[in-house]
Amino acid sequence: MEIYKVLEIKKSVYENNDREADLLRQELKKEQTFLLNLMSSPGSGKTTTLLRTIEALKDELRIAILEADIDSDVDAHAVAKTGTRVIQLHTGGMCHLDAGMTRQGLEGIGTDQTDLVVLENVGNLVCPAEFDTGASKNAMILSVPEGDDKPLKYPLMFSLVDVLLINKIDVKEHFDFDLAVLRERVKKLNPNLVVIPISAKTGEGIGEWADWLRGAVKSWNQPE
Amino acid sequence: MHELGIVYEVIKIVDEFVIANDLTKVDKIILEIGQLSQTIPHFVEACYPAAVSDTPYQETKLEIIVLPARGECQLCHEIFNVVDHRKICPNCQGEDFSLISGREFNIKEVVAY
Ligand SMILES: Nc1nc2c(ncn2[C@@H]2O[C@H](COP(=O)(O)OP(=O)(O)OP(=O)(O)O)[C@@H](O)[C@H]2O)c(=O)[nH]1
Ligand SMILES: [Mg+2]
Ligand SMILES: [Zn+2]
Ligand SMILES: [Zn+2]
């Protein structure tokens, strides 16, 4: 009879993905392509904000979009109408994207001759936070109707993003959303987080957001 | 579902390990999942049979060890279970802590020959 042995592996399940993500990030850096990973709950305004962002930056940056809707290509169509290159990723019902899927999307769309790629991640505040996509920077949208207590419920997401957009600021009067309280909560989790209130509907704050993104792309292309 | 993709990743890593170490049969896979991991042990167990069916791991058992969510109080340096104490230090009632463990998701070991 064969004898079973206990063999130690001691390996994080995320390790492979983390390694792939780092590799992808290095390649993008060399190609001078900036990848923004955009995360949020469903319906918080990712696509509307993307359309505004394209409008603001399309004359100075060559932009491409990766859409990761679970089961439709509605968002990809909306983006395609602006004349921007867009690809729909097939996530096969997955609730998050990993570096491998992101790489496939980037290969599909082609990143030479591209300055900025925005990845609209799957609408979910939980597991996208655990999977590094290889992005240069991570952004999150929190919309006013979702409430200012979200940082308490999803601390991991808030602690790892580089910039937080507070969207739908135009309807703030109708909700008891306290921006000062939110800033306080967020600061505890992530002291360096940049918070920008916007309305993708009226265009308020989009200028400041475009400035942030422009600056981030510029420093990405600077040699170390 | 989130967990299914994760279980595939586990199988992939185990498979690489099996090939690298020239193993023939894996009797059991032992995972460590942190109490604060976004991956729920119960769901991992639930989708495991589907993930391994029609693979060489069909007969392989799965064991999950839950690792406690431990935090260190920033004020008095007490180490406590963050979930049990609802993020409040039992010693000084401080609310600021740094997490020591609880987000892991590791493949600890396999029992194999
Ligand atoms: N009032 C208001 N409505 C907005 C704003 N931004 C987006 N919306 C509306 O919110 C709804 C959802 O916006 P989307 O841009 O589709 O949100 P999304 O995050 O891309 O949604 P999913 O891709 O389905 O997760 C739409 O009806 C938008 O018109 C805003 O700044 N103010
Ligand atoms: Mg959308
Ligand atoms: Zn997921
Ligand atoms: Zn204490």
Side-chain angles (χ1 to χ4, degrees), chain A residues 1-21 39 68 70-71 89-102 121-133 149 151-160 184-185 187-191, chain B residues 1-18 20-34 36-40 43-44 60-61 63-65 67 69 71 74 82 86-87 95-99 101-113:
Chain A
M1 213 194 110
E2 314 250 11
I3 302 194
Y4 281 108
K5 286 182 296 196
V6 175
L7 299 157
E8 176 148 293
I9 299 186
K10 210 54 176 173
K11 189 169 169 186
S12 167
V13 176
Y14 305 120
E15 205 176 293
N16 282 352
N17 184 62
D18 288 348
R19 200 171 340 103
E20 274 194 48
M39 297 174 282
I70 291 190
D71 217 15
L89 297 174
H90 295 284
T91 54
M94 278 292 274
C95 41
H96 61 265
L97 284 179
D98 60 17
M101 291 187 267
T102 305
N121 211 316
V122 182
N124 159 1
L125 294 181
V126 184
C127 46
E130 287 196 330
F131 288 86
D132 190 344
T133 57
D149 60 349
L152 304 177
K153 295 182 178 165
Y154 303 98
L156 184 61
M157 177 64 85
F158 286 87
S159 63
L160 66 78
E184 189 74 13
R185 286 178 173 155
K187 201 165 179 182
K188 258 181 138 176
L189 294 166
N190 188 345
Chain B
M1 184 171 56
H2 175 72
E3 277 75 11
L4 188 58
I6 299 245
V7 175
Y8 282 130
E9 187 64 31
V10 169
I11 300 298
K12 205 169 102 192
I13 295 171
V14 170
D15 209 38
E16 284 165 8
F17 184 82
V18 164
N21 292 278
D22 251 336
L23 303 171
T24 33
K25 189 157 171 42
V26 180
D27 179 56
K28 187 155 90 172
I29 299 170
I30 297 144
L31 302 179
E32 289 175 331
I33 304 183
L36 292 178
S37 165
Q38 317 276 14
T39 304
I40 313 297
F43 291 140
V44 172
T60 304
K61 296 184 270 302
E63 181 183 324
I64 296 176
I65 299 169
L67 299 178
Q74 303 276 34
V82 174
R86 316 204 57 161
K87 302 187 183 171
E95 289 184 25
D96 288 325
F97 62 87
S98 54
L99 202 63
S101 69
R103 292 207 199 283
E104 301 81 357
F105 187 3
N106 302 324
I107 303 176
K108 183 171 185 284
E109 56 203 18
V110 290
V111 179
Y113 65 75

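Every chain is numbered from 1, with letters handed out A, B, ... down the list of sequences.
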Peer 1: Would you name the heavy atoms of L152(A) and K87(B) that are closest together and state the gap between them?
Peer 2: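 Minimum heavy-atom contact is O-NZ, 4.0 Å.
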Peer 1: Tell me whether the count of non-hydrogen atoms from other residues, nucleotides or ligands lying under 6.0 Å of NZ in K25(B) goes above 12.
Peer 2: yes
Peer 1: Which class fits the ring pair Y113(B) and Y4(A): parallel under 30°, tilted 30 to 60°, perpendicular over 60°?
Peer 2: tilted
Peer 1: Please classify the contact of L189(A) with chain B as side chain, backbone, both or neither, using a heavy-atom distance under 4.5 Å.
Peer 2: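 Interface part for L189(A): neither.
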Peer 1: What distance do I30(B) atom CD1 and K10(A) atom NZ have between them, rounded to the nearest 0.5 Å?
Peer 2: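 If I round to the nearest 0.5 Å, the distance is 11.0 Å.
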Peer 1: Quick one: pull up CG in L23(B) and NZ in K5(A) and give me the separation to the nearest 0.5 Å.
Peer 2: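 Going from CG on L23(B) over to NZ on K5(A), the span is 7.0 Å.
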Peer 1: Quick one: what part of D96(B) sits under 4.5 Å from any heavy atom of chain A, side chain, backbone, both or neither?
Peer 2: side chain
Peer 1: Verify side-chain contact (heavy atoms from CB on, under 4.5 Å) between I13(B) and E15(A), making sure each step is shown before the conclusion.
Peer 2: CA-CA 10 Å; I13(B) 295 171; E15(A) 205 176 293; over 6 Å; no
Peer 1: Tell me, side chain or backbone of F17(B) under 4.5 Å from chain A's heavy atoms, or both, or neither?
Peer 2: side chain
Peer 1: Does a side-chain heavy-atom distance below 4.5 Å link V13(A) with T39(B)?
Peer 2: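 No. Closest side-chain heavy atoms not under 4.5 Å.
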Peer 1: Closest approach of N16(A) and E16(B), non-hydrogen atoms and distance?
Peer 2: ND2-OE1, 4.1 Å
Peer 1: Taking all atoms of both residues into account, what is the closest heavy-atom pair of N106(B) and S12(A), and its distance?
Peer 2: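 Result for this residue pair: OD1-CA, 3.3 Å.
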Peer 1: Output the option from L31(B), V14(B), V26(B), D27(B) having the highest count of non-hydrogen pairs under 4.5 Å with chain A.
Peer 2: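 The candidate making the most pairs under 4.5 Å is D27(B).
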Peer 1: Return yes when atom NZ of K11(A) has more than 12 non-hydrogen atoms of other residues, nucleotides or ligands closer than 6.0 Å, and no otherwise.
Peer 2: yes
Peer 1: Select one option (side chain, backbone, both, neither) describing which atoms of E130(A) are under 4.5 Å from chain B's heavy atoms.
Peer 2: side chain
Peer 1: Rounded to the nearest 0.5 Å, how far apart are CG of L156(A) and CG of L36(B)?
Peer 2: 9.5 Å
Peer 1: Evaluate the side-chain proximity of N17(A) to E9(B): yes if any heavy-atom separation is below 4.5 Å, no if none is.
Peer 2: no
